[in-house]
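Reminder, nothing fancy here: chain letters follow the sequence lines and each chain counts from 1.
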2 protein chains.
Amino acid sequence: MSREVLMAAAMEVVDTNGAGAFSMRALGGFLDCDPTAMYRHFATKNALLDALVDSVVRDGVADLPESDDPRADIRANFRQLRRSLLAHPTLAPLVLRRPPGVGAYWERSDHAVAQLHRAGMDPADAANVYQTLLFYTLGHTLSEARQLARAVEKEGAGARGGPVAQVRPPAELHPDLSDVAPHLREDNEAQFLAGLDLILRDLPR
Amino acid sequence: MSREVLMAAAMEVVDTNGAGAFSMRALGGFLDCDPTAMYRHFATKNALLDALVDSVVRDGVADLPESDDPRADIRANFRQLRRSLLAHPTLAPLVLRRPPGVGAYWERSDHAVAQLHRAGMDPADAANVYQTLLFYTLGHTLSEARQLARAVEKEGAGARGGPVAQVRPPAELHPDLSDVAPHLREDNEAQFLAGLDLILRDLPR
DNA sequence: ACCTGAACACCGTTCAAGT
DNA sequence: ACCTGAACACCGTTCAAGT
């Protein structure tokens, strides 16, 4: 049994039953082998999960565009990170286990920073814009993933979650929030992109 | 045994041993009572953890300033959310279990949105700026908390973590990222505030 | 009315034993 | 060289039994 088929099987178990229900015993059952056989390839269950997370973070980086529009290329980068994470909603929160400076982020980070540079931004500003984009994307996407994950765990794989930032406070107590609530978009992707554009608002050129 | 002392004890166990080591049996041992006694007050271990998380999210909202500088007040709001979460680094990632529209966020959200309104921003823009600030803060703070938590689990309570976005890629492979890496601040709070200011950059007035 | 603790159905991981 | 499976030290939660 190769490391690759083991990871593929683990991802399948995670996606169908949820990361919470993933266990070495469950994986052993899925692969018809002893639960302890996996320790040949991964020192620990967490090491296996880290490898799965890294593969998701790296997913699709080879296809990132380098057009003549740096802003569009950056948008594509983070939009695709969001989509890769949402493809595995119960696994997504585990990205926090991987520091954002780890190898799995390098290509993606280099692409984003290169576009900021190309748009004429100096390194200090580029660093700030980059970190803001990254952490905003993680915060938004992980919040969305948790809601999706709840739906998956209840209704099984392929369920749809609701809007990520829906707020229904009592209007008497929280008037300002109530005014704004209707503008928190139903469409999570549109809301997400609006935040990216806000951060990229005055990108040079 | 009241619900309050139970939560206080649970928080103490979480902070000293890490949320990963928290269990009903550990809490029972700490309180010198049967591990199943807690089920009188909380239906489930997760319900107990959710209550802890809500108390952290609500922490300090009563003290949020309303000065004559809306931008400073908003900064104070999210800076304080960051600090409350970092005070319990191993618990912090569990905020993702609470949708950001839940009651624990209401006062805090209302305060932030009120300041945006006060600064002359229309509701649609305020909604976008608010959600961007919130998810950026969550992403940045949870990433930082994870590193702190790793240090706590290794060295015990009170340990210090390193910079949240430290990146050391091989310069030949990732030249742009390497240019920018030195500008990713050592000081996590300064880096965090720089991102807030970026998002709030052209707040009216 | 409240607490107890045995019991059930699980965990991750180790390691001696097999092939 | 690789897999197996018994065993260890844990889990969350339920429920009959105690007080």
Side-chain angles (χ1 to χ4, degrees), chain A residues 1-54 88 90-91 93-98 146 149-150 152-154 156, chain B residues 1-54 88 90-91 93-98 146 149-150 152-154 156:
Chain A
M1 168 183 318
S2 77
R3 199 184 143 100
E4 281 71 31
V5 319
L6 203 161
M7 282 183 58
M11 191 70 96
E12 194 167 335
V13 171
V14 165
D15 286 338
T16 57
N17 298 1
F22 172 77
S23 73
M24 295 311 236
R25 282 170 167 90
L27 181 55
F30 183 83
L31 286 168
D32 264 324
C33 72
D34 195 89
T36 65
M38 272 63 85
Y39 289 83
R40 292 282 134 198
H41 296 95
F42 294 93
T44 199
K45 182 196 173 189
N46 281 341
L48 205 175
L49 288 172
D50 287 348
L52 290 184
V53 166
D54 281 356
H88 309 280
T90 71
L91 186 68
L94 303 184
V95 291
L96 293 177
R97 299 171 41 80
R98 313 296 296 155
R146 269 297 199 186
R150 204 186 311 274
V152 167
E153 276 152 14
K154 209 183 304 175
Chain B
M1 168 184 315
S2 77
R3 199 184 142 103
E4 280 71 31
V5 320
L6 203 161
M7 281 182 58
M11 192 70 97
E12 194 167 335
V13 172
V14 164
D15 285 338
T16 57
N17 298 4
F22 172 77
S23 72
M24 294 311 236
R25 281 170 169 90
L27 180 54
F30 183 84
L31 286 167
D32 264 324
C33 72
D34 195 88
T36 65
M38 273 63 85
Y39 288 85
R40 294 279 135 200
H41 296 94
F42 294 93
T44 198
K45 182 195 175 189
N46 281 340
L48 205 175
L49 289 173
D50 286 348
L52 290 183
V53 166
D54 281 356
H88 310 280
T90 70
L91 186 68
L94 303 185
V95 292
L96 293 177
R97 299 171 41 78
R98 314 294 303 158
R146 269 297 199 188
R150 205 187 311 273
V152 167
E153 275 151 14
K154 211 183 300 175

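Look at CZ on B:Arg40: it is 15 Å from P on D:dT13, rounded to the nearest Å. When the C1' atom of D:dC10 is taken as reference, atom CG of B:Asn17 falls 15 Å away, rounded to whole Å. Between the NZ atom of B:Lys45 and the P atom of D:dC10 there is a distance of 15 Å, rounded to whole Å. One atom, CE of B:Met24, and another, P of C:dC10, lie 20 Å apart when rounded to the nearest Å. The interatomic distance linking B:Asn46 (CG) with D:dG12 (C1') rounds to 10 Å, in whole Å. Rounded to an integer number of Å, the gap from CG of B:Asp32 to P of C:dC3 is 15 Å. Look at CG on B:Asp34: it is 16 Å from P on D:dA16, rounded to the nearest Å. Spacing between atom CZ of B:Phe42 and atom C1' of D:dT14 amounts to 19 Å, rounded to whole angstrom units.
Positionally, the nearest nucleotide of DNA chain D for A:Arg25 lies more toward the 5' end than for the other of B:Ser23 and A:Arg25. In this structure, A:Phe22 and B:Pro35 both approach DNA chain C, and ranking their closest nucleotides by distance from the 5' end singles out B:Pro35.
A:Cys33 and A:Met38 get closest at one heavy-atom pair: SG-SD, 4.2 Å. Nearest heavy-atom pair across B:Thr44 and B:Tyr39 is CA-CE2, 4.2 Å.
The phosphate of D:dT4 has neither OP1 nor OP2 within less than 4.0 Å of any side-chain N or O from A:Thr36.
In terms of modelled atom types and a separation under 3.5 Å, the side chain of A:Arg150 and the main chain of B:Arg97 share a donor-acceptor contact.
Side-chain atoms of B:Ala37 lie closest to C:dT4 of the nucleotides D:dC3, D:dT14, C:dT4.
For C:dT4, the paired base is D:dA16 (Watson-Crick or G-U wobble, both distances below 3.5 Å). Across all strands shown, D:dC10 forms no Watson-Crick or G-U wobble pair with both key distances under 3.5 Å.
Look at the P atom in both C:dA9 and D:dA9: the space between them is 22 Å, to the nearest Å.
A heavy-atom distance below 4.5 Å is not found between the side chains of B:Asn17 and B:Phe22.
B:Asp34 and B:Thr36 form a side-chain donor-acceptor contact under 3.5 Å, judged by distance and modelled atom types alone.
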